[in-house]
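We use all heavy atoms of the structure for the numbers below, so side chains are in, but hydrogens, waters and symmetry mates are not. Labels below follow one simple rule: chain letters A, B, ... track the order of the sequence lines, proteins then strands, and each chain is numbered from 1.
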Protein chains: 2
Amino acid sequence: MIRITKQTDYGILLLTRLAGDPGRLFTAPELAIEATLPLPMVSKILKALARQGLLSSQRGVKGGYCLAAPAEEISVARVIEAIEGPIGITECIEEAPGECGLAEVCSVRSNWNRINRAIREALAQISLAEMGANSGSAQLVTLGNSGKGAGGASAATR
Amino acid sequence: MIRITKQTDYGILLLTRLAGDPGRLFTAPELAIEATLPLPMVSKILKALARQGLLSSQRGVKGGYCLAAPAEEISVARVIEAIEGPIGITECIEEAPGECGLAEVCSVRSNWNRINRAIREALAQISLAEMGANSGSAQLVTLGNSGKGAGGASAATR
DNA sequence: GTAAAGGGTACTGATCCGGTCCAATTTTGG
DNA sequence: CCAAAATTGGACCGGATCAGTACCCTTTAC
């Protein structure tokens, strides 16, 4: 249904919390309470993010998690990819398992890939810092229409 | 995983086939053979698209399906919504079931909604005609950066 | 009237996600 | 050295959703 998973949603949430107090070390139980999420869930997500290099973890009694990079440098796309793998709307991204049967299909597929890339880029342009910001100022994402007019996107026609 | 369902994928495929021969009436078995997909599946999808008004159907022995509108006027977003409902990356689009627990959450959510809208718009700008086109010429989707750095895809410009 | 087509619904199997739990490892502190 | 606290890793189960199928009905052409 074109949805990110709840884990990813939670992950972004937790990361924006971490971004709010850079340098500080947060423990999993602490974050679980703040976000009113079950501890095992939070723990699972933090583990995944740490494994992917988005979080630094400190073990032991005074341990905890903190961002591995400035919040401005971590994109939403990065987080999504860390938790649920490569971003792509369609199944056949680069695989092409068997025949698609139809010759026309291939043109459809290449167009899908274009859409995939576009969405990936849109998500790559949003940083954690922006997700945490109160969205006051301007629009975060501007896409589509650099020259709208409905179907017109292509009408650009070089 | 940010994926459309296979049914939607098949749906776009079938529709682009219909778009290639506007005016002609296609039967479900015929399309199933061409696309090398099981007939019951194709039939199910066509039914759904017809119910949503994207296809016109003719019953009876000489019946079949044809596009209910010019291919240029049918967007990919429309097809997705017809088969799998409203488009949105996140769960809490307009629902807000209970407390999100954290105050910061709300700002995150509003930013998500912005992203949702952006993606929806991107998909709304691609028509079936463009999906069927051999993608030779220009970029289909231009998003992100009307002012941002980064860029990649937009740099395509072939 | 019969055959061929769409229309609707219900059902089943498989996959994946959400969520939980437990054992192991590492570090602090006495 | 030992115990407590925290992360790490893996296994596990229930439920939701999707893919795919089957059945029965209505409509139309010949």
Practice problem: Examine F26(A) and L46(A) and state if one hydrophobic cluster contains both, with Ile, Leu, Val, Met, Phe, Trp and Tyr joined whenever side-chain heavy atoms are less than 4.5 Å apart. | Solution: yes
Quiz item: Which listed nucleotide (dG9(D), dA5(D), dG6(C)) is nearest to the side chain of V61(A)?
Solution: dA5(D)
Quiz item: Is there a path from L55(A) to M41(A) through hydrophobic residues (I, L, V, M, F, W, Y) whose side chains come within less than 4.5 Å of each other?
Solution: yes
Quiz prompt | Integer-rounded Å distance: dC17(C) P and I4(A) CD1 | solution = 13 Å
Quiz item: What is the distance, rounded to the nearest whole Å, between atom CZ of F26(B) and atom C1' of dA4(C)?
Solution: 19 Å
Quiz prompt | Residue-level proximity of residues 48-59 of chain B to DNA chain D when a heavy atom falls under 4.0 Å | solution = R59(B)
Quiz item: Taking all atoms of both residues into account, what is the closest heavy-atom pair of A32(B) and L39(B), and its distance?
Solution: CB-CA, 3.8 Å
Quiz prompt | Euclidean distance, atom CZ of residue R3(B) to atom C1' of dT15(C) [Å, nearest integer] | solution = 13 Å
Quiz item: Does Y10(B) put a side-chain nitrogen or oxygen below 4.0 Å from OP1 or OP2 of dA19(D)?
Solution: no
Quiz item: Is there a donor on the side chain of K47(B) or the base of dG6(C) sitting less than 3.5 Å from an acceptor on the other?
Solution: no
Quiz item: Side-chain N or O of Y65(B) less than 4.0 angstrom from OP1 or OP2 on dA5(C)?
Solution: no
Exercise. With heavy atoms under 4.0 Å as the rule, sort P38(A) into base, sugar-phosphate or nothing.
Key: sugar-phosphate
Exercise. Mind calculating the distance between CG (D9(B)) and P (dG20(D)) to the nearest angstrom?
Key: 11 Å
Exercise. Determine, for nucleotides 13-18 of chain D in 5'-to-3' order, which nucleotides have protein heavy atoms under 4.0 Å from the base (write B), from only the sugar-phosphate (write S), or from neither (write -).
Key: -----S
Self-check item: Interatomic distance where CG belongs to L39(A) and P belongs to dT20(C) [whole Å]
Solution: 9 Å
Self-check item: Atom of I83(A), atom of Q7(A) and distance for their closest heavy-atom approach
Solution: CD1-O, 3.8 Å
Quiz item: What heavy-atom pair brings I126(A) and A122(A) nearest, and what distance separates the two atoms?
Solution: CG1-O, 3.5 Å
Exercise. Would you kindly say whether T8(B) and E84(B) are connected by a side-chain donor-acceptor distance under 3.5 Å?
Key: yes
Self-check item: Nearest-angstrom distance from the residue atom CG of L31(B) to C1' of dG6(C)
Solution: 13 Å
Quiz item: What nucleic acid atoms does K62(B) come within less than 4.0 Å of, heavy atoms only: base, sugar-phosphate, or nothing?
Solution: sugar-phosphate
Quiz item: Atom CD1 of I83(A) to atom C1' of dC16(C): distance rounded to whole Å?
Solution: 16 Å
Exercise. Identify the residue among D9(B), I45(B), L49(B) that makes a side chain to side chain contact (heavy atoms under 4.5 Å, CB included) with L14(B).
Key: I45(B)
Exercise. Could you pull out the closest heavy-atom pair between R3(B) and G88(A), with the gap in Å?
Key: NE-O, 3.4 Å
Practice problem: Please state how far atom CD in E30(B) lies from atom P in dA4(C), giving the value in whole angstrom units. | Solution: 16 Å
Self-check item: Over all atoms of both residues, closest heavy-atom pair of V42(A) and A28(A)
Solution: CG1-O, 3.9 Å
